[in-house]
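We count ligands from 1, going down the list as the structure has it; atoms in each ligand are counted the same way. FYI, side chains are in, hydrogens and waters are out, and symmetry mates aren't considered; it's all heavy atoms of this structure.
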Amino acid sequence: MVVNLAILVSGRGSNMEAILNSIKIGFISNVEPKVVISNRPNVRALDIAKQYNVPAIVIDDGGKKGRDWDYDKRIVQCLQEHDVRPDNGLVCLAGFMRILSKEFVNMYKYRIMNIHPSLLPSFPGLNAQRQALEYGVKITGCTVHFVDEGVDTGPIILQRAVEVRDDDTVDTLAERILKREHEIYPLAVKLFAENRLRIEGRRVIILSS
Ligand code: GAR
């Protein structure tokens with residue numbers, strides 16, 4: 001069965017592009033990108049979505065960021081208008097800087113993924129790369145996880161480690177982590193589409209093909 005994909009963005013959209021490109025080149029099959037939704041107008045991700053011929057929609061939140069089912073209802077309506085439903089869809093948060101309401105999460109249970117630039121459960125929330133650098137860890141990385149009601153707490157699908165170097169700045173560290181993000185996010189989407197993710201409590205077991 002084909003998975004209907006929505007990608008939610010707030011800015012640059014490089015993870016979104018990695019996913020769309022992986023579909024285009026056939027690394028991911030049986031996934032149809034249906035819509036890209038941004039909570040902010042005029043961001044780069046919207047231009048890239050159009051280059052990939054994916055409808056790019058702005059649902060402006062005016063900078064208001066708290067959990068908000070009224071706002072999320074507008075997202076859900078847009079998803080349904082583009083045929084991304086709880087029974088056929090996947091929603092990828094790709095630098096989407098909002099926390100989802102529990103109503104939205106429960107409606108699309110285990111069908112919403114997020115990428116986060118640390119090895120969760122370390123350094124959840126904002127500025128994960130800065131948090132890692134300031135804490136002094138020697139290894140950090142990135143995580144793709146299913147979204148649950150918490151902030152960056154859902155079952156972990158894939159992680160990659162990245163070494164922290166003595167001469168790293170937030171920018172150099174973020175750049176190396178981002179390269180790994182672009183590998184694991186498309187891979188997680190591929191595994192989902194191939195029905196190879198089995199959730200057992202907090203654990204996500206990857207079935208062999
Ligand atoms: C990525 O590094 C992503 O992991 C991070 O925002 C960046 C978005 O970049 N997400 C979070 O910090 C979520 N808490 P992109 O727009 O180029 O994909």
Side-chain angles (χ1 to χ4, degrees), residues 5-24 28 33 35-52 54 56-59 61 63 65-68 72 75 90-101 104-105 112-135 137 139-164 168-189:
L5 176 69
I7 307 179
L8 274 49
V9 296
S10 298
R12 180 176 54 183
S14 71
N15 277 289
M16 176 205 74
E17 186 168 16
I19 294 168
L20 293 177
N21 189 50
S22 296
I23 294 168
K24 186 176 160 190
I28 300 172
V35 65
V36 166
I37 303 172
S38 173
N39 64 321
R40 293 176 57 205
N42 306 316
V43 294
R44 179 178 173 267
L46 294 162
D47 297 327
I48 299 170
K50 286 177 204 152
Q51 285 165 25
Y52 280 83
V54 181
I57 311 275
V58 176
I59 302 180
D61 63 9
K65 288 279 176 290
R67 274 182 224 273
D68 182 356
D72 288 353
I75 302 245
L90 174 65
V91 178
C92 286
L93 311 185
F96 186 63
M97 294 308 195
R98 285 186 61 88
I99 299 168
L100 307 188
S101 60
F104 183 13
V105 171
I112 307 176
M113 286 182 187
N114 181 41
I115 180 105
H116 184 77
S118 74
L119 292 176
L120 291 170
S122 291
F123 314 124
L126 293 176
N127 302 315
Q129 305 95 332
R130 178 179 296 281
Q131 290 185 56
L133 203 60
E134 288 178 355
Y135 194 94
V137 292
I139 306 273
T140 183
C142 50
T143 303
V144 181
H145 63 93
F146 285 113
V147 173
D148 67 4
E149 290 182 18
V151 176
D152 301 325
T153 53
I156 289 169
I157 303 167
L158 292 171
Q159 294 187 303
R160 286 289 181 277
V162 172
E163 202 170 337
V164 181
D168 262 330
T169 63
V170 173
D171 286 347
T172 60
L173 180 58
E175 194 180 311
R176 286 206 312 291
I177 295 172
L178 193 64
K179 289 207 177 88
R180 296 285 167 258
E181 295 182 39
H182 295 167
E183 293 167 8
I184 63 172
Y185 213 174
L187 181 55
V189 172

Inset, instruction - Enter the distance from Lys179:NZ to Cys142:SG here, rounded to the nearest 0.5 Å. - result: 12.5 Å
Inset, instruction - Flag Glu181 as yes when one of its N or O atoms lies below 3.5 Å from any N or O atom of ligand 1, and as no otherwise. - result: yes
Legend entry - For atom 12 (O) of ligand 1, the protein heavy atom that lies nearest, with its residue and separation: Pro117 CD, 3.4 Å
Inset, instruction - Say whether Met97 and ligand 1 are in contact under the criterion: heavy-atom distance to a ligand atom below 4.0 Å. - result: yes
Legend entry - Between OG on residue Ser14 and CD1 on residue Ile115, distance to nearest 0.5 Å: 9.5 Å
Inset, instruction - State whether the shortest distance between N or O atoms of Gly13 and N or O atoms of ligand 1 falls below 3.5 angstrom. - result: yes
Legend entry - Ser38 OG to Asp61 CG distance, which is reported to the nearest 0.5 Å: 8.5 Å
Inset, instruction - Below 4.0 angstrom from a heavy atom of Gly95, which ligand 1 atoms are there? Numbered from 1 as shown, please. - result: 6 (O), 8 (C)
Legend entry - Value rounded to 0.5 Å, distance of NE2 in His182 from CD1 in Ile177: 11.5 Å
Inset, instruction - Find all atoms of ligand 1 within a distance of less than 4.0 Å from any non-hydrogen atom belonging to Arg12, and give their numbers and elements. - result: 9 (O), 15 (P), 16 (O), 17 (O)
Legend entry - Shortest non-hydrogen contact from Ile28 toward Pro186: CD1-O, 3.5 Å
Inset, instruction - Within a distance under 4.0 Å of any heavy atom of Ser14, pick out the atoms of ligand 1 and give their elements. - result: 15 (P), 16 (O), 17 (O), 18 (O)
Inset, instruction - Identify, for atom 14 (N) of ligand 1, the protein heavy atom at the shortest distance, and state residue, atom and that distance. - result: His116 ND1, 3.3 Å
Inset, instruction - Determine the sole option in Asn114, Val144, Thr143 for which the side chain to side chain contact (heavy atoms under 4.5 Å, CB included) test with Leu120 is passed. - result: Thr143
